[in-house]
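All ligand and atom numbering here is 1-based and tracks the order in the structure.
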Amino acid sequence: MENSDAKLKEKIISLKTRKNAIILAHNYQLGEIQDIADFVGDSLELSQKAAKTDADVIVFCGVHFMAETASILSPDKIVLLPDIHAGCPMADMITAEGLRKRKSELPGVIVVCYINSSAEVKAESDVCCTSANAVKVIESLDAREILFVPDQYLGHYISTKINKKMVLWPGFCITHMRIQPQNITALRQEYPQAKVVVHPECRPEVIALADEVLSTGGLCRYAGRSEVKEMIVGTEIGIIHRLRKENPGKKFIPASEQAICPRMKLITLESVLWSLQEMTPGVKVPEEIRLKAKVAVDKMLEIGRG
Ligand code: 13P
Ligand code: SF4
């Protein structure tokens, strides 16, 4: 098995060079995908990379909205998503039509969309954000009322940090819902020295028990601090691979072994190789939508990290 993985990796690297491709991978990807990627990061870092790369082809090892964001920012590049079924269930909890209807009920409202949303939804929004900069983005807005879509839990977390009225869309992440407060309480008893770090997509009862609430990129940086020796990790378990690789000797304990994003795991070495060989499946946002969505994404990129 290891041998065939090694062969697959070799083929991917040589094809990637031949096609002037870059492989971008999210922190939740399988370990073997992270290991062949040119860059591994959170949603904000990946969109920043996609905006700047001079590669001709971007192989996006993540979920559909991430590949769409790359296409919004780099329309002249070929963007490949090795498994077209790798969608984010939370992003599918809102449609552009549903958002238009909600906006009509809240005249003049400013819409902030989490990057975990389709290009059509971004096109209907004023500004985009990720978990790394959500508070900073919303603080920067000269508006008293915000409609935040689609993650109610990230929206709720932001509302505890700022002084603005937030109307929340009732979406959520199925994976982060699997992390329960009792998981944290039990692990804290077992590992009393450990820091508890959770993603803001977690439910408020979990967030209330955490030492830090961070994006996946923030979580990786925090793990590198010298005072952190043990960490209870409240997010998707794919990130544990990167944490252990970058911090040998430290202990990382998943808050829940059930916190697996099945769509992220659809991307495999086989599908990456096939995708590069066949140059499919491509993700391309229609120009009319792209131009509108880009306004919201660009505003976010100007603001940067929180
Ligand atoms: P990050 O932007 O923190 O990487 O999160 C992306 C995501 O999908 C979390 O579930
Ligand atoms: Fe979407 Fe949740 Fe998977 Fe992130 S972990 S891609 S929010 S379903």
Assess H176: does it contribute an N, O or S atom lying under 2.8 Å from atom 2 (Fe) of ligand 2?
no
In Å, rounded to the nearest 0.5 Å, how long is the span from NZ of K195 to CE of M231?
9.5 Å
Please determine whether the number of non-hydrogen atoms from other residues, nucleotides or ligands lying under 6.0 Å from atom NZ of K11 exceeds 12.
no
Residue, atom name and distance, where the atom is the protein heavy atom closest to atom 7 (C) of ligand 1:
E201 OE2, 3.6 Å
Does ligand 1 have any atom that is closer than 4.0 Å to a heavy atom of M264?
no
Min heavy-atom dist C173 to ligand 1 below 4.0 Å
no
Take atom CD of Q182 as the centre, draw a 6.0 Å sphere, and report whether it contains more than 12 heavy atoms from other residues, nucleotides or ligands.
yes
Any N/O of T130 closer than 3.5 Å to an N/O of ligand 1?
no
Does even one non-hydrogen atom of R263 get within less than 4.0 Å of ligand 2?
no
With heavy-atom distances below 4.0 Å as the criterion, list the atoms of ligand 2 near C173.
2 (Fe), 5 (S), 7 (S), 8 (S)
Could you check whether any side-chain heavy atom of L187 comes within less than 4.5 Å of a side-chain heavy atom of E190, counting everything from C-beta outward?
yes
Testing the 3.5 Å rule here: is there a donor-acceptor pair between the side chains of H176 and T235?
yes
